[in-house]
Amino acid sequence: MTTLHKDALFVLVKSLSKSEKRQFKLYVGRLGVNTDAKFLALFNLLDKSKVYSEKDIIESNIVKKTQLSNLKAHLYKQILVSLRLNPVNQNIRVQIREQLDFATILYQKGLYKQSLKILDKVKAVAIENEEKNIAYEIVELEKIIETQYITRSIPDRADELAIQAKELSAQNVMTSKLSNLSLQLYGMMLKVGYVRSDEDLKKVKNYFNNHLPIYNIEDLGFREKLWLYKAYLWYSFLTQDFLSCYKYANKWVDLFYENKEMIYLNPVFFLKGNHYLLESLFYVKYSSQFKSTLIKMEAMIESKGFPKNDNIASLAFLYLTSNKLNQHFLEGTFEKGLYIVRIVEYGINKHKDRIDEHHIMLLYYKCACLYFGIGDNKTCIQYLKKIINNKNLKMREDLMCFARVLSLVAHYEAGMDYHLEVQLKSTYKFLIKMNDLHAVQKEMIKFLRNLRDIYPTELQNEFKKLHTELKKYEDHPYEKRAFLYLDIISWLESHLYNKPVGEIVREKAQKLIR
């Protein structure tokens with residue numbers, strides 16, 4: 001019987017590249033084990049299998065059912081050891097850990113002087129590369145060894161290590177407080193999206209102010225500044241202060257360009273910083289800088305020295321694709337962006353094991369908006385169904401809400417209004433349940449509900465009324481978020497001026513060029 005859940009070992013084997021599989025077999029050969037060893041036979045079987053099936057493994061006579069769990073654990077460990085030895089994975093962080101392991105082994109053998117020599121060198125490397133947690137571990141081991149390896153310099157050495165440990169500890173505590181704050185704010189953003197009321201704003205402000213540690217920016221290193229900018233960025237996103245988002249995302253990215261070696265040591269944070277900078281530029285409609293930032297990020301990803309691995313490839317796909325779609329939304333060039341849909345579908349299938357559900361749904365929503373922009377409402381609805389019918393989506397309540405609102409509008413535009421009343425009731429109940437029924441949504445639902453009682457000759461006037469009503473909320477501190485997900489104003493103006501939505505957006509973009 002095929003196991004439906006994703007087996008960890010199977011996923012790991014399937015994630016290996018051809019060169020990694022070749023290296024694993026060479027590594028096994030160096031171990032001097034028989035080429036018919038059970039764990040190697042299991043590896044070859046899983047490599048050839050399209051799905052994980054315990055039944056197939058047992059029937060292959062490689063291993064008995066009672067021994068399978070142990071064999072899988074052994075194979076998993078051997079693959080990880082092989083990957084660790086791969087030069088591709090030998091970054092500074094791994095090298096520091098390796099030297100610390102060597103020093104520990106020498107200490108355990110009683111070779112104190114040799115151990116201290118390695119620790120002194122690797123500590124300098126750790127501090128230089130902002131690996132302060134490992135640096136603190138190194139100092140703690142040095143303190144242990146110094147108590148057993150007595151020299152004439154022990155009094156001065158004791159003071160030196162005590163001061164160093166205190167400084168590193170203080171820096172690590174600051175980093176921990178800032179990273180905790182950043183993570184909690186990010187969690188709030190994923191769960192509920194932007195603040196929706198004065199009460200929400202007060203809660204977020206109080207939480208931020210109560211948990212933000214006292215700091216002097218001059219005393220902060222790269223790592224502490226990075227988490228500080230992250231915390232401020234998420235606070236700004238939650239409170240819909242997009243100029244502030246731009247400010248702190250820009251500080252985040254500049255921090256990397258000022259410390260270029262950190263780009264290669266922390267490529268994930270570099271990519272994320274650029275993504276949030278692009279997102280904030282999209283929200284403030286700064287199209288020229290958006291374009292230049294996107295080009296610069298793509299050039300860096302494709303540069304020869306930029307780290308290459310599966311995780312980075314998945315993030316690069318996610319961020320480049322998402323922001324290329326945003327560029328077409330900014331410029332109103334919906335038709336030109338249709339080629340990206342194929343890239344989205346291919347990329348989601350390729351990277352599905354490394355991209356979380358809410359990011360996949362966000363890409364589907366952007367595809368839906370692209371089709372809505374060119375007037376292909378039926379395809380728009382198909383992409384929205386992927387979100388609406390997703391029962392596993394526990395994050396981004398705001399995304400689920402606006403997917404339903406856009407679905408209503410798309411059904412109306414497609415002339416599929418025979419089930420509109422049922423959908424209106426369903427959407428209304430959902431929004432109330434999510435505590436997300438705001439003025440813009442109320443006006444939209446009221447407008448769509450009244451369509452059946454409106455004569456065709458009165459339709460233009462009704463569009464005009466709704467447009468006038470919604471314009472009031474365009475700059476409202478809490479209602480404006482509706483327009484981030486769906487450009488209702490441009491849709492209404494396309495009806496008022498009898499122009500395609502894309503043309504309306506392009507005209508607005510031309511006025512905003514800077």
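Not measured: the values here are computed from a predicted model. The figures here come from the full heavy-atom set of this structure, side chains too, leaving out hydrogens, waters and symmetry mates.
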Between CD1 on residue Ile360 and CD1 on residue Ile387, distance to nearest 0.5 Å: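 Rounded to the nearest 0.5 Å, the CD1-CD1 separation comes to 11.5 Å.
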Inter-residue atom distance Trp227.CH2 - Phe222.CZ, 0.5 Å rounding: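 Taking CH2 in Trp227 and CZ in Phe222, the distance rounds to 11.0 Å.
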Electrostatic pair Glu298-Lys324, nearest N-O below 4.0 angstrom: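 The answer is yes: the pair qualifies as a salt bridge.
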Sequence-distant partners of Asn326, side chain to side chain donor-acceptor pair (under 3.5 Å), two or more places apart: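 Side chain to side chain donor-acceptor pair (under 3.5 Å) check on Asn326 returns Lys366.
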By side chain to side chain donor-acceptor pair (under 3.5 Å) - contacts of Glu345 (at least two apart):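 If we apply the side chain to side chain donor-acceptor pair (under 3.5 Å) test to Glu345, skipping adjacent residues, the hits are Tyr383.
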Checking [X] now: which residues fulfil salt bridge (charged side-chain N to carboxylate O under 4.0 Å, His left out) with it, not counting sequence neighbours?
| X | answer |
| --- | --- |
| Glu199 | Lys203 |
| Asp254 | none |
| Asp353 | Lys6 |
| Lys499 | Glu507 |

Residue pairs fulfilling salt bridge (Lys or Arg N to Asp or Glu O under 4.0 Å) with at least one residue in residues 218-236, sequence neighbours excluded: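 Sorted result for residues 218-236: Lys132-Glu224.
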Pairs meeting criterion side-chain hydrogen bond (donor to acceptor under 3.5 Å, both in side chains) with involvement of residues 261-270, two or more places apart: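 Sorted pair list: Arg93-Asn266.
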With sequence neighbours excluded, tell me which residues meet ring pair (Phe, Tyr, Trp, His ring centres under 6.0 Å) with [X].
| X | answer |
| --- | --- |
| Tyr257 | Phe270 |
| Tyr319 | His275 |
| Phe208 | Tyr232, Tyr235 |
| Tyr276 | Trp234, Trp252 |

Backbone of Phe10 reached by a side-chain donor or acceptor of Asp7 within 3.5 Å: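 Here the side-chain-to-backbone pair exists.
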ring-ring contact (aromatic ring centres under 6.0 Å, His included) between Phe334 and Phe372, worked out: CA-CA 9 Å; Phe334 298 103; Phe372 182 74; 8.7 Å; no
Any side-chain donor near an acceptor of the partner, His495 and Glu413, under 3.5 Å: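 Side chains of His495 and Glu413: pair found under 3.5 Å.
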Derivation of the side chain to side chain contact (heavy atoms under 4.5 Å, CB included) call for Tyr283 and Tyr246: CA-CA 9 Å; Tyr283 288 150; Tyr246 166 65; over 6 Å; no
